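Step one of this worksheet: look at the structure below.
First listed ligand is number 1; within each ligand, the first listed atom is number 1. Since we're looking at a predicted model, the values are computed, not measured.
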Amino acid sequence: MLLKDKVAIITGATRGIGRAIALRFAQEGCNIAFCGRSRSEQMIAVEQELQAFGIQAKGYAADVSHLESSQQFVNDAVADFGHIDILINNAGITDDAAIKRMTEAQWDNVLNNDLKSVFCMTKAVQPYMWKQGFGSIVNISSVVGIGGNVNQANYAAAKAGIIGFTKTAVKEMGARNIRINVVAPGFIATEMTGDVPEQLKTYWQTRIPLRRPGRPEEVANACLYYASELGSYNTGDVMHLCGGMEDA
Ligand code: NAP
């Protein structure tokens with residue numbers, strides 16, 4: 001088992017990619033503290049799925065776009081689990097519009113949920129990881145942050161910002177053996193992409209050399225590499241996980 005008795009904090013694991021990461025890590029013996037914005041039925045269901053692996057798992061209601069809520073989440077998780085080995089910054093949203101129609105609220109909403117959240121959670125775990133002298137953080141960006149995408153200027157800016165933030169955090173925390181890497185997925189089949197019109201999905205699929213969307217489990221495998229000792233000399237990487245998608 002690659003993560004036996006480790007403790008991972010995973011943001012946004014009530015469904016989609018975050019849930020897949022939590023399940024994959026639990027399969028490797030990892031204890032999981034995860035969050036969503038409310039203690040929903042979905043959260044309770046994921047908690048039960050995780051506990052079935054015989055590990056400790058708990059879902060927390062936390063809004064990671066706010067520093068205070070992020071710090072409360074991390075402090076509660078440390079009180080319940082004892083320490084933190086891994087942080088996966090996965091929570092994110094989209095709120096699409098062309099720049100000429102995008103409102104200030106749409107811009108702020110995506111920047112706060114997708115970029116500020118990474119700052120808030122990293123700042124919240126840093127004192128613990130710094131003190132213990134180790135830790136692995138994986139930030140989920142997107143190929144949209146590398147190549148851009150029509151109607152997603154807010155999302156592209158947030159996901160590109162994650163890369164700049166990571167490169168800086170790597171330089172500030174490397175000496176304390178804290179590794180930070182980025183996984184930038186392409187088109188992954190989840191609820192977030194479920195709303196994309198069929199026509200656009202077909203267009204994207206013609207741009208993917210592997211001719212299919214990615215699976216959340218494939219993103220989870222990349223996170224497992226970086227979170228575990230398999231990736232012990234990796235920090236500051238940006239892994240493009242996109243089936244060879246153009247512009248990525
Ligand atoms: P999803 O199915 O919509 O799930 C998003 C998760 O984030 C949910 O668990 C949601 O929980 C949580 N969340 C959102 N805002 C939050 C906040 N402020 N505080 C706490 N939790 C919050 O999305 P997904 O497709 O799995 O995407 C996961 C990540 O991968 C995102 O960062 C996304 O940008 C990135 N990504 C996705 C794709 C793709 O094709 N799907 C591609 C590239 C990158 P609640 O709703 O329960 O609060």
Does some non-hydrogen atom of Lys159 fall short of 4.0 Å from ligand 1?
yes
As an exercise, identify every atom of ligand 1 less than 4.0 angstrom from a heavy atom of Asn113.
15 (N), 17 (C), 18 (N)
How far is atom 6 (C) of ligand 1 from its nearest protein heavy atom, and which residue and atom is that?
Gly12 O, 3.6 Å
Residue Ala13 vicinity, atoms of ligand 1 by number, heavy atom under 4.0 Å
9 (O)
Of all the atoms in ligand 1, which lie at a distance below 4.0 Å from a heavy atom belonging to Ala62?
19 (N), 20 (C)
Answer yes or no: is there an ion pair linking Arg39 with Glu47, defined by an N-O contact shorter than 4.0 Å?
yes
Between ligand 1 and Gly186, can you find any atom pair, the residue atom being a heavy atom, that is separated by under 4.0 Å?
yes
Honestly, for Pro213 the part within reach of ligand 1 (heavy atoms, under 4.0 Å) is neither
A student checking ligand 1 against Asp63 at a 4.0 Å heavy-atom cut-off should list atoms 17 (C), 18 (N), 19 (N)
Nearest heavy atom to atom 32 (O) of ligand 1 wins, so pick from Thr190, Ile140, Asn90.
Asn90
Would Pro216 count as a contact residue for ligand 1, given that I'm defining contact as a non-hydrogen atom of the residue lying under 4.0 Å from a ligand atom?
no
Is the shortest distance from a Lys or Arg side-chain nitrogen in Arg212 or Glu218 to a carboxylate oxygen in the other one below 4.0 Å?
yes
Check: of Ile17, Val64, Asp114, min heavy-atom distance to atom 27 (O) of ligand 1 comes from Ile17
Protein contact of atom 13 (N) of ligand 1 - nearest heavy atom, named by residue and atom, plus distance
Ala91 CB, 3.8 Å
